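In this text the structure is predicted, and so the values were computed from the model without any measurement. Basis for what follows: all heavy atoms, side chains included, without hydrogens, waters or symmetry-related copies. The chains referred to below are lettered A, B, ... by the order of the sequence lines, with proteins before strands, and numbering in each begins at 1.
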Amino acid sequence: MAESDFLLRARDALADTSLQAALGKAGEGFIDKRLAAIDAEPDFELMRDQAREVRQRSLKDLDIYLLHFEQQVIAAGGRVHWAENPEDMRRIVIDLCLDADARHVTKGKSMVGEEVHLNPALEAAGITPWETDLGEYILQLAQEPPSHIVAPALHKTRGQIENLFRDAHALGERDLSVVKSIVDEARAVIRERFLSADVGITGANLLIAETGTAVLATNEGNGDLTACLPRTHIITTSFDRVVPTWEDASKIIRVLARSATGQPITTYTSFFSGPASTVDKDGPEAFHVVLLDNSRSAVLASEYREILHCIRCGACMNHCPVYQSVGGHSYNSVYPGPMGAVLSPLLRGAPQDYDLANASTFCGRCEAVCPVRIPLPDLMRRLRNRESREFTSPRKRLALAAFTALSLRPAWYRRVTTTAVCMLAWLAGARGRLRRLPLMDGWTRFRDLPAPQGRSFQSRWRKSRPGNDTRHGDGNT
Amino acid sequence: MATLEGDKRRARILGAVLAAGSRDRLSTDIAADFQRLAVCRPPAEARLRTFDDTVKHFCQQAGASSAELVGPAEIGELPAWLASRVDAGASIAVSPQPELAGIAWPRDTGLDYRQRQGWAVVAARAGIAETGSLCFSSREQASDRLFLAENLVAVLDTSTIVARQEDLWRRLRRPQPDMPRAVHLVTGPSRTADVEQTLQVGAHGPRRLIIFLTHGPARTEA
């Protein structure tokens with residue numbers, strides 16, 4: 001299904017009526033909820049500054065924070081594993097599950113888990129993964145990847161979900177026409193799984209170096225049931241999630257939900273520090289944190305470093321006009337939207353990922369809403385520069401060279417544009433617009449091109465200001 | 001063999017992280033370096049606004065998160081309140097915490113994970129006014145009590161309500177600096193918006209969260 005050309009996928013997405021209906025429902029909702037939340041919070045801009053400062057400081061001395069995090073996890077009785085690439089992470093997690101004699105594994109939402117394609121690998125190793133986040137569960141039934149980092153099944157309509165449930169759950173005649181009945185059914189089906197899983201795998205929103213703690217922010221409670229009930233808890237995450245202290249974590253938590261869903265905080269924000277000790281009333285016997293690199297260390301050393309500040313709130317994609325039109329699957333990446341347009345090419349290094357940075361009008365909404373003020377358009381522009389250095393076709397290079405030459409010679413520029421302007425005006429005739437134009441089909445297919453009204457600006461300027469010729473005539477602007 | 005490979009991967013990743021920074025060697029005294037960097041920082045959150053009435057702000061925020069607020073009242077009034085709300089056949093599981101001991105509960109049937117009308121009663125460690133959140137610690141009750149009952153009643157002493165999360169962390173670090181296995185901040189009942197972005201209260205966790213407020217002992221100036 002995944003074609004290599006973003007434009008082809010986007011075209012399909014625009015024609016997909018179910019997807020457009022789903023996107024329409026999601027569209028203004030996220031935007032309005034976030035706005036309401038920040039209007040209610042007079043300190044929001046200060047909170048953004050504090051969150052950004054925490055992310056900057058975390059990356060500055062990341063080596064020390066990582067070492068301290070590891071030391072603390074081990075002291076609490078847990079273990080830390082290091083994965084350089086997706087294959088490493090899959091291998092590590094599978095080995096941990098096999099060591100725990102796991103046949104069934106519950107899963108909380110983990111973007112890093114999706115990034116390394118963990119589920120197919122688990123299945124191939126004879127281990128059954130059960131997604132517990134409702135959105136991820138729906139996608140598991142549909143056998144589709146997520147299309148949004150916070151609301152993974154955003155592209156699905158209620159009707160599509162109803163059909164999935166009818167096919168997957170043999171529960172006879174029942175009414176699934178309202179959202180409540182769908183959610184209730186999912187709750188009942190998944191509850192048994194929480195209680196019978198051998199291993200629970202979750203992601204982590206943050207890692208706290210001070211005490212070797214993983215922070216999990218969810219609304220459903222599935223993350224906690226996955227982390228607390230089974231004998232083994234495995235956390236799949238990346239090393240750039242680390243912040244120094246609990247106070248630093250609070251600065252991030254404070255802007256995360258407000259930016260993502262418009263809530264002051266998610267229903268459940270939990271802090272897990274190792275396996276159960278003798279003074280804990282319950283909890284897993286084994287606690288494992290698997291840290292993924294997958295080119296993040298290279299990004300850390302590069303001019304794209306700021307993308308690692310991302311706290312995965314999804315605000316950028318909620319506000320992106322491109323994302324809202326074509327949805328997440330068009331990006332063909334676990335990380336879609338503006339943050340994905342920067343991160344995906346950096347993690348994957350695939351030439352077609354440059355399409356993602358090109359699929360932007362640089363309207364700047366993403367940067368305006370980013371809680372940690374990542375300069376996303378600027379990072380996308382740098383990617384475009386990189387692409388043009390590596391990949392521009394000879395024809396494009398020639399056209400750009402011609403334009404450069406023309407621009408540097410004002411007299412020639414004037415002659416060429418004046419000729420073009422007169423020709424267009426003549427072609428349009430009395431109507432004053434052009435319905436078709438060679439080489440401009442992309443424009444004229446949907447709209448008319450208004451014709452120039454006569455002379456170029458420069459010639460009119462000269463005409464209307466006699467005597468200025470010698471001083472302003474050939475001036476380079 | 002696997003551990004040797006793991007050590008090499010660790011060394012390469014840490015080496016790459018180091019190369020991206022300003023140091024040329026990994027720290028040999030991690031605790032001291034961390035202490036120097038992280039521990040004695042001025043509290044930036046002090047620049048955020050203060051709340052005139054912490055308890056009132058807590059109640060406002062908790063209400064906005066769809067939690068139901070009862071009281072402030074005496075803890076001894078809770079059994080009668082429960083009896084008036086809970087269905088005859090529904091299970092009630094009271095967490096064996098000191099705050100809830102010595103009280104004549106209507107019944108204490110234990111946590112029935114599968115029952116649809118089950119109730120659980122727990123005592124919260126503290127409250128956070130900023131977001132109307134309750135704080136629980138795995139040293140005080142089993143985490144599953146917070147998530148598996150359909151209806152959760154949390155007893156909260158109003159004298160334990162602090163303004164911001166950071167105030168709570170400073171309190172939790174006394175007397176022991178090591179943290180419990182799990183600290184849970186709970187704000188309202190569980191919910192999801194994964195179906196057509198329509199908010200549905202009652203996902204995997206409780207459908208109802210009731211906060212039963214009690215007056216604590218006289219508060220000393222914090």
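Partners of B:S133 under the side-chain contact (heavy atoms from CB on, under 4.5 Å) rule, at least two apart in sequence or in another chain, are A:I265, B:I128, B:T131, B:T187. Every salt bridge (Lys or Arg N to Asp or Glu O under 4.0 Å) that A:E162 has, sequence neighbours left out, goes to A:R158, A:R166.
For B:Q141, the part lying under 4.5 angstrom from a heavy atom of chain A is the backbone only. Contact of B:L148 with chain A is made through backbone and side chain together, with heavy-atom distances under 4.5 Å. B:Q61 touches chain A through its side chain: at least one heavy atom from C-beta onward sits under 4.5 Å away, while N, CA, C and O do not. Looking at B:A182, the atoms closer than 4.5 Å to chain A (heavy atoms on both sides) sit in the backbone and in the side chain alike. Within the 4.5 angstrom heavy-atom criterion, only side-chain atoms of B:R41, from C-beta onward, approach chain A. Residue contact with chain A, scored on non-hydrogen atoms closer than 4.5 Å, is absent for B:S65.
Closest approach of A:G274 to B:R181, counting heavy atoms only: O-CG, 3.2 Å. In terms of heavy-atom proximity, B:D194 sits nearest to A:I138 at O-CD1, 4.5 Å. Contact detail for A:Y268 and B:P189: the closest heavy-atom pair is OH-C, 4.2 Å.
Taking the side chain as every heavy atom from C-beta outward, B:S138 and A:K281 never approach each other to under 4.5 Å.
A:R187 contributes a side-chain N or O that, together with a main-chain N or O of B:G205, makes up a donor-acceptor pair within less than 3.5 Å.
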With side chain to side chain donor-acceptor pair (under 3.5 Å) as the criterion, how do A:E220 and B:T192 come out once you've worked through the C-alpha distance, each side chain's angles and the decisive distance to 0.1 Å?
CA-CA 6 Å; A:E220 296 178 22; B:T192 182; 3.1 Å; yes

